[in-house]
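Structure first, then comments.
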Amino acid sequence: MARALQLAALGMNTTSPNPRVGCVIVRNGTVITEGWHEKAGGPHAEAAALAKVGAGETADAIAYVTLEPCSHHGRTPPCADALIAAGVARVVCAMQDPNPLVAGRGLARLQAAGIEVACGLLENEAQELNIGFISRMTRGRPWVRLKVATSLDGKTALANGRSQWITGADARRDVHAWRARSCAMLTGIGTVKDDNPRLNVRDVQTTRQPLRVVVDSRLEISPDAAILENGNCLIAAAVNQPDKSVQLQASGADVIVLPNAQGKVDLPGLMLALGQRGINEVMVEAGFKLNGSLLREGCVDELLLYQAPMLLGDAARGMADIGELVELAQAQRLTVMERRPVGADFFLRARFT
């Protein structure tokens, strides 16, 4: 199963909106074939593994799969049926599929065919690998990571807005690895105006660029903004401006209007809209105000913090506008999941509890 998880991780940047899945098939204690799901529309892990062996070679074998084999017809046939036809004697999966179209039906189909099944081996590791897919299937919204680069005193930019570069080249390459696995990058109109970012993947190899999402309540974005290059961009507004929307659509962007009661973009509604578009994982690279709004409205699941050994002082901009707290009990608590040095900087990944 550990090997199957390694194989599944090979699809880290390519399987969206599908889950990352690996499969290892063993017969008489020897691995006879293995496979992984490379991209949506391509063979699933079980089919990829079975395609490498001939008829009869998998009779009485054990299949180790990181996710319950599917039982429904999508763009590919059911993997449960493929394993039944291959004559395997036992299927061990790391976790049940959270997709309501499967959700135990794949295991039930295997059992009905006389195949022994087991579920739960290295389940935590499998869940971490597909945390965004699980979030979308169970909550209807993606898993959201908020990335922040700060000084030691928690500042993200000078008072005049300058922030390039607080962290070093190694940290920036690490950020691009997180971008590559994300289905969408999200920022605000303030960051677009100040920095004119592209928010694409450049420093690591990838065959897929994430969707770029801009929160722009008043639809102020310029059609010449760098983030609109090559299309694949979504603008979330709070006002309906048909002429501007047509202009942006000509630049390759989609526009959705999601106002809340305050005339701003409905951020929880935006997360649901992204879930409906098949977005599993979102990475936020935004400024003080939008970071604060996302945190206050419960839209952030995880913090990616890159901290540089420098001090910027009290006048510099902070991480997020979350308002004044008068009691420590009001603080948002996090659980640290990972700590490591990145070049001269320090990386911390923490999850909201």
Side-chain angles (χ1 to χ4, degrees), residues 128 131 143-182 184-204 210 215 227 267 281-353:
E128 285 295 318
I131 197 166
W143 184 262
V144 179
R145 299 183 176 96
L146 174 62
K147 171 260 172 181
V148 187
T150 78
S151 59
L152 286 179
D153 51 349
K155 304 300 182 179
T156 60
L158 299 177
N160 60 14
R162 293 179 184 171
S163 61
Q164 297 181 339
W165 297 103
I166 290 177
T167 52
D170 290 331
R172 295 197 293 276
R173 275 191 293 272
D174 199 66
V175 168
H176 279 259
W178 283 103
R179 286 186 182 184
R181 69 172 286 171
S182 301
M185 298 295 305
L186 186 145
T187 193
I189 186 60
T191 299
V192 171
K193 287 180 175 180
D194 289 345
D195 299 336
N196 196 27
R198 286 176 285 172
L199 281 192
N200 57 4
V201 181
R202 299 184 299 278
D203 288 354
V204 298
V215 177
I227 203 166
L267 296 174
E281 298 181 16
V282 173
M283 183 170 167
V284 178
E285 293 192 34
F288 178 72
K289 291 183 179 179
L290 182 55
N291 286 351
S293 295
L294 289 164
L295 288 167
R296 289 195 309 272
E297 298 189 42
C299 295
V300 179
D301 298 300
E302 204 163 52
L303 176 67
L304 307 179
L305 176 65
Y306 293 85
Q307 201 162 37
M310 65 171 68
L311 301 174
L312 295 183
D314 290 346
R317 299 182 183 181
M319 293 172 52
D321 178 12
I322 58 174
E324 181 183 1
L325 306 183
V326 296
E327 298 287 347
L328 285 177
Q330 296 175 291
Q332 296 189 51
R333 301 288 180 177
L334 297 95
T335 299
V336 175
M337 309 297 292
E338 180 183 359
R339 294 187 185 96
R340 55 183 165 87
V342 185
D345 304 313
F346 183 79
F347 173 73
L348 182 145
R349 179 169 63 91
R351 188 165 295 173
F352 287 91
T353 55

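A quick note: this is a predicted structure, and the numbers were derived from the prediction, not measured.
At least one side-chain heavy atom of Gln307 sits less than 4.5 Å from a side-chain heavy atom of Leu152. Residues Met310 and Ile166 form a side-chain contact, since some pair of their non-hydrogen atoms from C-beta on lies under 4.5 Å apart.
Nearest approach of Ala316 to Ala157, heavy atoms of both residues: CB-O, 3.1 Å. Across Val326 and Gln330, no two heavy atoms sit closer than the pair N-OE1, 2.7 Å. Closest heavy-atom contact between Thr167 and Ala149: CG2-CB, 4.0 Å. Residue Ala286 comes nearest to Gly188 through the heavy atom pair CB-N, 4.2 Å, listed as atom of the first residue, atom of the second, then distance. Residues Pro210 and Val201 approach most closely at CD-CG2, 3.7 Å, considering heavy atoms.
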*Taking it one step at a time, do Val300 and Phe352 satisfy side-chain contact (heavy atoms from CB on, under 4.5 Å)?*
CA-CA 8 Å; Val300 179; Phe352 287 91; 3.6 Å; yes

*Stepwise side-chain contact (heavy atoms from CB on, under 4.5 Å) test for Tyr306 and Asp345*: CA-CA 7 Å; Tyr306 293 85; Asp345 304 313; 5.6 Å; no

*Run the numbers on Leu304 and Phe347 for side-chain contact (heavy atoms from CB on, under 4.5 Å), then give the verdict.*
CA-CA 7 Å; Leu304 307 179; Phe347 173 73; 3.9 Å; yes

_side-chain contact (heavy atoms from CB on, under 4.5 Å) assessment of Arg351 paired with Ile131_ = CA-CA 12 Å; Arg351 188 165 295 173; Ile131 197 166; 3.8 Å; yes

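Within a 6.0 Å radius of CZ in Arg333, no more than 12 heavy atoms belonging to other residues, nucleotides or ligands are found. Within a 6.0 Å radius of CZ in Arg202, more than 12 heavy atoms belonging to other residues, nucleotides or ligands are found.
Between the side chain of Thr150 and the backbone N or O of Lys155 there is no donor-acceptor pair closer than 3.5 Å. Remark: the backbone N or O of Gly313 is paired with a side-chain donor or acceptor of Asp153 at under 3.5 angstrom.
The side-chain tip of Arg172 points at the ring of Trp165 from less than 6.0 angstrom away and within 45° of straight on.
Annotation: the span from Lys147 atom NZ to Leu305 atom CG amounts to 10.0 Å, rounded to 0.5 Å. Atom CD1 of residue Ile322 and atom CZ of residue Arg296 lie 9.0 Å apart, to the nearest 0.5 angstrom. One finds the CG atom of Leu348 at 8.5 Å from the CD atom of Glu338 (value rounded to the nearest 0.5 Å). Put simply, CD1 on Ile227 and CG on Leu199 are 4.5 Å apart, with the number rounded to the nearest 0.5 Å.
Asp174 pairs with exactly one of Arg179, Arg340, Arg181 by the salt bridge (charged side-chain N to carboxylate O under 4.0 Å, His left out) rule, that one being Arg340. For the side chain to side chain contact (heavy atoms under 4.5 Å, CB included) criterion with Leu146, the lone passing option out of Val282, Asn291, Leu186, Leu290 is Asn291. Of the candidates Arg349, Glu285, Met185, Glu281, Trp178 forms a side chain to side chain contact (heavy atoms under 4.5 Å, CB included) with just one, namely Arg349.
Every pair passing salt bridge (Lys or Arg N to Asp or Glu O under 4.0 Å) that includes a residue from residues 308-330 is listed here, sequence neighbours excluded: Asp194-Arg317.
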